[in-house]
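Because the structure is predicted, anything quoted here is derived from the model rather than measured.
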Amino acid sequence: ELGSIAERLNAITLEVVEPPVRLVKTIGDAVMLVSPDSDALIDAALTLVEAVNNEPEGFPQLSAGIAVGEALLRGGDVYGPPVNYASRLCDVARPGAVVTTGELHERYERAYDWSEIGKRRFKGIEQPLEIFRARARGGREREKAVAKAHEEAEREHKRAEREREKALAAAEKTSGKTAKERERIAK
């Protein structure tokens, strides 16, 4: 029976997931998804949970944990803190729930309906995680909120890039080498 559940979950996932979200692997009665677009990942998780909930009686409900951060893709698998955080979030999510970190709640506060779960400490994670449950919200209001979140993320990326360039310029003055020379040396 577990084999047929895993096969059906894989089939549902492949029906639901579309780029930029990507299926990394199935793990028994679970799947791992990744995306450079966290909004698309939340949407995919909400859609997947709903699709599984529409399966015939006896099919286990799905829950999802979503975290954001830098991860390493190696050998077809994904590693890093967000993978660990997402796994821990899955452990506390009730069946049928999609839970995220406070960072995603803050970024997409107006794009989804949210319920605060609270802060929790997890083994292997130094700081407690702030946890929220995400629910779908439709219409124009959501589209505007997502667009605003993407604009803010882009501004933050540009600000960080400017700071990096300033730091390189300051290092150039003190070392006497140009940034391009240091980059060549580093490679």
Side-chain angles (χ1 to χ4, degrees), residues 2-73 76-125 127-138 142 145-146 149-150 153:
L2 182 58
S4 63
I5 289 172
E7 286 175 21
R8 180 66 188 134
L9 178 58
N10 187 58
I12 295 168
T13 303
L14 292 174
E15 290 170 13
V16 167
V17 170
E18 51 189 55
V21 179
R22 184 174 68 82
L23 172 63
V24 175
K25 62 183 176 179
T26 58
I27 313 147
D29 63 350
V31 296
M32 180 187 288
L33 306 175
V34 295
S35 178
D37 181 345
S38 46
D39 174 54
L41 189 58
I42 295 170
D43 283 344
L46 289 167
T47 303
L48 182 59
V49 166
E50 183 180 336
V52 167
N53 288 343
N54 290 330
E55 286 295 296
E57 191 173 319
F59 199 88
Q61 282 191 304
L62 190 65
S63 58
I66 302 173
V68 64
E70 288 190 39
L72 176 66
L73 287 117
D77 209 344
V78 181
Y79 303 91
V83 175
N84 190 21
Y85 298 165
S87 174
R88 299 295 191 264
L89 291 171
C90 280
D91 291 342
V92 299
R94 290 184 175 159
V98 174
V99 297
T100 73
T101 59
E103 182 178 354
L104 287 169
H105 165 260
E106 192 174 303
R107 188 180 295 173
Y108 297 106
E109 188 170 5
R110 295 198 166 146
Y112 301 93
D113 288 327
W114 297 94
S115 302
E116 184 174 2
I117 295 173
K119 287 187 177 183
R120 296 252 172 98
R121 289 194 164 281
F122 295 99
K123 181 181 177 182
I125 300 174
Q127 297 295 320
L129 289 180
E130 195 173 16
I131 306 170
F132 290 84
R133 179 177 180 178
R135 290 182 181 88
R137 175 185 287 179
R142 182 190 177 291
V146 169
H150 284 287

Apply the side-chain contact (heavy atoms from CB on, under 4.5 Å) test between Leu14 and each candidate in Val16, Asn10, Val17; give the one that qualifies. Asn10

Could you check whether any side-chain N or O of Thr47 sits under 3.5 Å from a backbone N or O of Asp43, counting only pairs where one atom can act as donor and the other as acceptor? yes

Check Leu9 against Phe59 and note the closest heavy-atom contact, atom names and distance. N-CZ, 4.1 Å

In short, Thr101 meets Ala67 closest at the heavy-atom pair CG2-CB, 4.0 Å

Run Arg120 and Leu129 through side-chain contact (heavy atoms from CB on, under 4.5 Å) and show every step you take. CA-CA 5 Å; Arg120 296 252 172 98; Leu129 289 180; 5.7 Å; no

Can you label the angle between the Phe132 ring and the Trp114 ring as parallel, tilted or perpendicular, going by 30° and 60°? perpendicular

Kindly compute the distance separating CZ (Arg121) from CZ (Arg88), expressed to the nearest 0.5 Å. 14.0 Å

Ala45 and Ala64: which non-hydrogen atoms are nearest, and at how many Å? CB-CB, 4.0 Å

Ignoring hydrogens, what is the shortest heavy-atom contact between Leu46 and Ala136? Give both atom names and the distance. CD1-N, 3.8 Å

So how far is it from Ile5 CD1 to Glu55 CD, rounded to the nearest 0.5 Å? 10.0 Å

What pair of heavy atoms forms the shortest contact from Pro20 to Pro36, and how long is it? O-CD, 3.7 Å

Please check this pair: side chain of Tyr85 against backbone of Thr100, looking for a donor-acceptor N/O pair closer than 3.5 Å. no

Applying side-chain contact (heavy atoms from CB on, under 4.5 Å) to Ile117 and Val99, what does each step give before you reach the verdict? CA-CA 9 Å; Ile117 295 173; Val99 297; 3.4 Å; yes

Side chain proximity check, Gln61 to Val49, heavy atoms < 4.5 angstrom: no

Go through the side-chain N and O atoms of Arg135 and Ser115 and say whether any donor and acceptor fall under 3.5 Å apart. yes

Any heavy-atom pair between the side chains of Arg22 and Ser35 that's under 4.5 Å? no

Using the side-chain contact (heavy atoms from CB on, under 4.5 Å) rule, take Ile27 and Lys25 through it: C-alpha gap first, then chi angles, then the decisive distance, then the call. CA-CA 6 Å; Ile27 313 147; Lys25 62 183 176 179; 3.8 Å; yes

Indicate whether any N or O donor in one side chain lies under 3.5 Å from an N or O acceptor in the other, for Arg94 and Ser63. no

So does Leu73 get a backbone contact from the side chain of Asp77, meaning a donor-acceptor N/O pair under 3.5 Å? no

Can you measure from CZ (Arg133) to CD (Glu116) and round to the nearest 0.5 angstrom? 14.5 Å

Flag if over 12 foreign heavy atoms under 6.0 Å of CD, Glu106: no

Any side-chain heavy atom of Val31 sitting closer than 4.5 Å to one from Leu23? yes

What heavy-atom pair brings Val52 and Pro60 nearest, and what distance separates the two atoms? CG1-O, 3.3 Å

Salt bridge (charged side-chain N to carboxylate O under 4.0 Å, His left out) filter on Glu15, not counting sequence neighbours, yields Arg8

Please list all pairs passing the salt bridge (Lys or Arg N to Asp or Glu O under 4.0 Å) test where one or both residues lie in residues 61-73, with sequence neighbours left out. none

Atom CG in Asn84, atom CZ in Phe122: separation rounded to 0.5 Å? 10.0 Å

Leu89 vs Ile131, test: side-chain contact (heavy atoms from CB on, under 4.5 Å). Steps then yes/no. CA-CA 8 Å; Leu89 291 171; Ile131 306 170; 3.6 Å; yes

Heavy atoms, side chains only, cut-off 4.5 Å: are Ser38 and Leu104 in contact? yes

To the nearest 0.5 Å, what is the distance between CG (Leu41) and CD1 (Ile66)? 4.5 Å

